[in-house]
J.: 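First, the structure itself, so that you have it in front of you.
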Protein chains: 2
Amino acid sequence: MAEKQKTHRQPKLSRPTTIRDIAAHTGVAVMTVSRVINESGYVSQEMREKVLKAVQELNYHPNGLARGLKRRRTQAIGILVPDIANPFAAELVGGIQEVLSARGYSSFISTSDRSTTREEAGLRALFDHRADGAIVATRETKAGNDFLLGLLNYDLQIVVVGRELNHPRVDRVTADHFKGGYDVTEHLIKMGHRRIAFVGVSAPNGAGLHRYRGYVEALRANGIPFDEKLVVGPKVDAGPGFSTQDDGYEGAKRILSAKSRPTAIFARNDFTAMGAMYAIRDAGLAIPDDIAVAGFDNVPLSAYTAPPLTTVAQRTVLQGREAALLLLDRIDGNRQRERRNICLDCELIVRQSTIKDIARTD
Amino acid sequence: MAEKQKTHRQPKLSRPTTIRDIAAHTGVAVMTVSRVINESGYVSQEMREKVLKAVQELNYHPNGLARGLKRRRTQAIGILVPDIANPFAAELVGGIQEVLSARGYSSFISTSDRSTTREEAGLRALFDHRADGAIVATRETKAGNDFLLGLLNYDLQIVVVGRELNHPRVDRVTADHFKGGYDVTEHLIKMGHRRIAFVGVSAPNGAGLHRYRGYVEALRANGIPFDEKLVVGPKVDAGPGFSTQDDGYEGAKRILSAKSRPTAIFARNDFTAMGAMYAIRDAGLAIPDDIAVAGFDNVPLSAYTAPPLTTVAQRTVLQGREAALLLLDRIDGNRQRERRNICLDCELIVRQSTIKDIARTD
DNA sequence: TTGAAAGCGCTAACAC
DNA sequence: GTGTTAGCGCTTTCAA
């Protein structure tokens, strides 16, 4: 039976098979089919097999819209990242999807691209399509926070990564950026530096940037006076939100032409650091002999710069996994439990960009 | 009836407002509300205002699931990229979203991460949630192609970017990688090189990689014999699919230790090139004096390497825009029109990594 | 163990 | 201009 292969050539745009097609094809009730595909309730072995066979043959896949509408669950979650061209986002997403897909959830990524409007549009779309939850790793903004809090009045679970959102039902995962910033600064101090610049945020905007606060604190703890002139933000200061290689180049350039220049630069992230390194070479100075450079994030490329870049690794994949687990726990399990906060250690990765006494091929 | 507002304080997890709440609240028919929010059909000014007011007050947003189920249109499209940590993907997505969001479509990103399983899962999720279309920029695989072709039997529109998919209703956008590869190779030849290596694909796997074929053809056209020993793929050859900085490092290393080493390296992409540059420095050689290096893609960082990297720019944002336009044209308009193929020019960007006679600060 | 009925939230098609 | 009816594809509830 079922010589379906007789179709003349390409079937011209079939409508997707529905549960009723399966029911009709097997002669059982729609409900029985539903029970089979959901493995819920009792179905005799015989019927089950018949149904499964038809599901195969007719290539049936449940319509997620109908299912979601009825169940009030879509088994889909949204991931909101600031920016896609970013190893951090990639690893985070990797960790998240690893956990989610194992549990039968699909996930969709949305970017904010540094725009609150875009971020809201992304969240709105997620919400309107009734995602069961969202993992939000965008930078904090007032508008963004308000919007997220608004969504929380409804049945959307949220976990934030690397940022805050003050709400009793929002879990949080982050790396200890403060400690990372502290450690890398202290490393520079141990290497004998006392004029250490921070490139990537302006001092007034730094409060929300933990790695910067770690820098400030490390200076203080080591008795080095804080010098605001050694802190440079991007030309167009996007608040605590962002910093690129261009910003690093431009910021370092400014700081190098200042009266008394630093002997070390701690850049907000590895890309900023790479821009700064370029500015340093541009000025005819050597790294690390004239100026040491450190970054943050340990992006894969940081091992390949000239010289390789000292940086701070955060366990990004793990953050993704943890965030996904927290989210699933709330969705599938206890929606009312107390908020949880996971903070992972960072690791200082010392490379040649801050070490003078290692022989360099250069 | 319907004194729903009696809830004591913070509505403890309100259910989202539905169209019926609005109807009840304003005393009009559900259908009238629908007409107002969709701006379809005739509604008197008076009613319209009343409804809009209630929509505001009750913070109503249509349920995308219900709407999609009924309309058979979700106004959502999926973007499938191989890998997220990639300026190419970022720019592509930027271009796509720019067009889509202006037309009221939301878009969701999915990654294949070099895994056919993952790619299928992403497409399956897209399809099950009834996305109206997909823009697919993953690398070609047999399994992937089959899966895509299967989906095309149903009502999912597909546009591919930077790859092929042979189907009469699938449009395609790409950059002219062949010409780009040809141009950069010819540039190296003009700079006096005759032993030019290609790093990033093994010769047997190169057929699907147009930029590599451009390289081969440029050699031929200039009377330079092709030497298979000068072509190195990644250690674990993932077919035409991928190449990282690690691959570049490792591949260049191999080629540099060969008996007669090349005087120039054309790397499959900028990251591969950066890895190769590192290997060259590692070997105590100078760029470009001992070995010239060129990449492909013009990622933002390529301007910041030491020395800055000669590369080929493809207009990625534009590719995204064009792809989105083609997709919308099919979804909203003519689903049966002939397939369209847009091929954009690449641009050679010459920087110091291939030019000896420019003074370098190094 | 199976099935029938009702309805999730919305809109197309048709009355009025 | 506005309202009513029916139904998208599925699952929950209840009856058999």
J.: Let me confirm one number: the CZ-CZ distance from B:Arg335 to B:Arg330, rounded to the nearest 0.5 Å.
T.: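 So the CZ of B:Arg335 and the CZ of B:Arg330 are separated by 9.5 Å.
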
J.: Along DNA chain C, 5' to 3', what are the outermost nucleotides having an atom less than 4.0 Å from a heavy atom of chain A?
T.: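 Using the under 4.0 Å cut-off, the span is C:dT1 to C:dG9.
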
J.: Using a cut-off of strictly less than 4.0 Å, decide whether B:Arg130 has a side-chain nitrogen or oxygen near OP1 or OP2 of D:dC8.
T.: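 Answer no for this pair, as no side-chain N or O of B:Arg130 is under 4.0 Å from OP1 or OP2.
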
J.: For Watson-Crick and G-U wobble pairs within 3.5 Å on both distances, what is DNA chain D written in dot-bracket notation, | included for inter-strand pairing?
T.: ||||||||||||||||

J.: In residues 48-56 of chain B, which ones come under 4.0 Å of DNA chain C, going by heavy atoms?
T.: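 Going residue by residue through residues 48-56 of chain B, none turns out to have a heavy atom under 4.0 Å of DNA chain C.
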
J.: Both B:Ser44 and A:Leu69 contact DNA chain D. Taking the nearest nucleotide for each, which residue is further toward the 5' end?
T.: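 Result: B:Ser44.
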
J.: By the 4.0 Å heavy-atom rule, please label A:Val30 as base, sugar-phosphate, or nothing.
T.: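 If one applies the 4.0 Å heavy-atom cut-off, A:Val30 turns out to touch a base.
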
J.: Output every pair passing side chain to side chain donor-acceptor pair (under 3.5 Å) with a member in residues 41-51 of chain A, not counting sequence neighbours, ordered by first then second residue.
T.: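 For residues 41-51 of chain A, and leaving out neighbouring residues, the side chain to side chain donor-acceptor pair (under 3.5 Å) pairs sorted by first residue read A:Gln45-A:Glu49.
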
J.: Report, one pair per line, the protein and nucleotides 13-16 of chain D atoms (nitrogen or oxygen only) whose separation is under 3.5 Å.
T.:
none

J.: Ion pair present between A:Arg130 and A:Asp155, side-chain N to carboxylate O less than 4.0 angstrom?
T.: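 Looking at A:Arg130 and A:Asp155, the cut-off is not met.
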
J.: With sequence neighbours excluded, what pairs up with A:Ser34 under the side-chain hydrogen bond (donor to acceptor under 3.5 Å, both in side chains) test?
T.: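 With neighbours one apart ignored, the set is A:Asn38.
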
J.: Does B:Arg337, at its CZ atom, have more than 12 non-hydrogen atoms belonging to other residues, nucleotides or ligands within less than 6.0 Å?
T.: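 Yes, enclosed.
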
J.: Determine, for B:Asp171 against B:Arg340, whether the closest basic-nitrogen to carboxylate-oxygen distance falls under 4.0 angstrom.
T.: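 Salt bridge between B:Asp171 and B:Arg340, a charged N being under 4.0 Å from a carboxylate O: no.
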
